[in-house]
Amino acid sequence: MRNLTKVLGVAYDVLTMDEAVKKAIELMDQEKNNMVCTPNPEIVMAARKDDELMKILNLSDMVIADGIGVVWASKYTKKRLPERVAGYDLTQRLFNELKDTHKTIFFFGGAPGVAKEAAEKMMKKYPGLNIVGTRNGYFSKEEEVKIVSDIKALKPDLLLVGLGAPKQEKWIYKYKDEIGAGLSIGVGGSFDVMADKVKRAPDIFCKLGLEWFYRLIKQPTRIKRMMQLPKFALTVLKNKNRM
Ligand code: UDP
């Protein structure tokens, strides 16, 4: 039985990072083709206006809080989320667990060359990590058919999809049973970070819950997306008695 708590309609698993890592490995080993989503406040706000996205999030097999805003919001629900479980950190922890096993991994997403570079860097960082294929995230309808059949032929244990939200969530949901990967995770811009194209915020920003601020000063074009943050906070406060 999952221990869930709902934040503005999105059901999150009440898990620490250690528990989320353990659960992801269990999900990978099941017969079923499982999926993990990591919705931040921006995605929660998008899901409130997108029924398909809301449905997919709530049908996912594990939902973790990528964003301190979601952890904050959970204090108004019956069960508080114990900590932030960022998608990027989860993948790093999983690589560490999988590096000396036979488990296979596929990286799908990012600009041309980025997933490949990310894979090379991760295999250096985690010797023994078995990344069996990569594909960039820009494709036509015809190419998409080939991408699905290529990943299906490899049947990886772990499929990381970095197409940005909500594209990656919809893509995983549509193809997961056809592809048959043990576990698929939507990882947003994580390949850019793994390939060193984008710097993650220094620890101090993360500790203070200010990673969003660091990203904003680094990429001011994100301002429009970030305006969802105060909207999220206001919506939480407005709904705090009925979350
Ligand atoms: N992306 C992609 N295909 C697309 C659109 C986006 O592969 O059609 C990639 C893009 O190159 C980037 C990621 O998706 O690597 C989205 O990154 P962003 O930082 O916006 O995601 P977040 O982590 O904020 O969800």
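Atoms within each ligand, like the ligands themselves, are counted from 1 in listed order. In what follows, every heavy atom counts, from backbone to side chain, and hydrogens, waters and symmetry copies are set aside.
- Taking the six-membered ring where the residue is Trp, F108 and F139 present tilted rings, their angle falling between 30° and 60°.
- Contact annotation for Q168 and ligand 1: no heavy atom of the residue comes within less than 4.0 Å of the ligand.
- Within the 4.0 Å heavy-atom cutoff, R222 counts among the residues contacting ligand 1.
- The closest protein non-hydrogen atom to atom 8 (O) of ligand 1 is K167 NZ, 2.8 Å.
- Closest to atom 9 (C) of ligand 1, if we only count protein heavy atoms, is G162 O, 3.4 Å.
- Ring pair W171/Y175 is tilted by interplanar angle, where 30° to 60° counts as tilted.
- The residues K176 and D61 are annotated as not salt-bridged, no charged nitrogen and carboxylate oxygen being separated by less than 4.0 angstrom.
- Annotation for ligand 1: atoms under 4.0 Å from non-hydrogen atoms of A111 are 11 (O).
- The closest side-chain donor-acceptor pair between T5 and T77 falls under 3.5 angstrom.
- The residue from A165, G87, G189, G67 that puts a heavy atom closest to atom 18 (P) of ligand 1 is G189.
- Salt bridge annotation for R84-E211: present, with a cationic side-chain nitrogen under 4.0 angstrom from a carboxylate oxygen.
- In summary, R93 and D18 engage in a salt bridge, as defined by a charged side-chain N under 4.0 Å from a carboxylate O.
- Each of the atoms 12 (C), 15 (O) of ligand 1 lies under 4.0 Å from some heavy atom of D192.
- If you look at Q219 next to ligand 1, there are no close heavy atoms at all, none under 4.0 Å.
- Using a 4.0 Å cut-off between charged side-chain N and carboxylate O, K146 and E142 make no salt bridge.
- The protein heavy atom nearest to atom 3 (N) of ligand 1 is G137 O, 2.8 Å.
- With rounding to the nearest 0.5 Å, the separation of CE in M45 from CG in N40 is 11.5 Å.
- Between the side chains of Y138 and E143, not a single donor N or O lies within less than 3.5 Å of an accepting N or O.
- Of the protein's non-hydrogen atoms, G110 N, 2.8 Å is the one closest to atom 7 (O) of ligand 1.
- Counting heavy atoms only, Y138 comes closest to atom 11 (O) of ligand 1 of the residues Y138, F108, W171.
- A salt bridge is absent between K23 and E26; no separation between the charged side-chain nitrogens and carboxylate oxygens falls under 4.0 Å.
- Heavy-atom separations between F191 and ligand 1 are all 4.0 Å or longer.
- Closest protein heavy atom to atom 20 (O) of ligand 1: R225 NH1, 3.0 Å.
- Ligand-side atoms of ligand 1 in range of R215: 19 (O), 23 (O), 24 (O), range being under 4.0 angstrom from any heavy atom.
- If you number the atoms of ligand 1 from 1 as listed, the ones under 4.0 Å from a heavy atom of G109 come out as 7 (O).
- Scanning all protein heavy atoms for the shortest distance to atom 13 (C) of ligand 1 gives G188 O, 3.7 Å.
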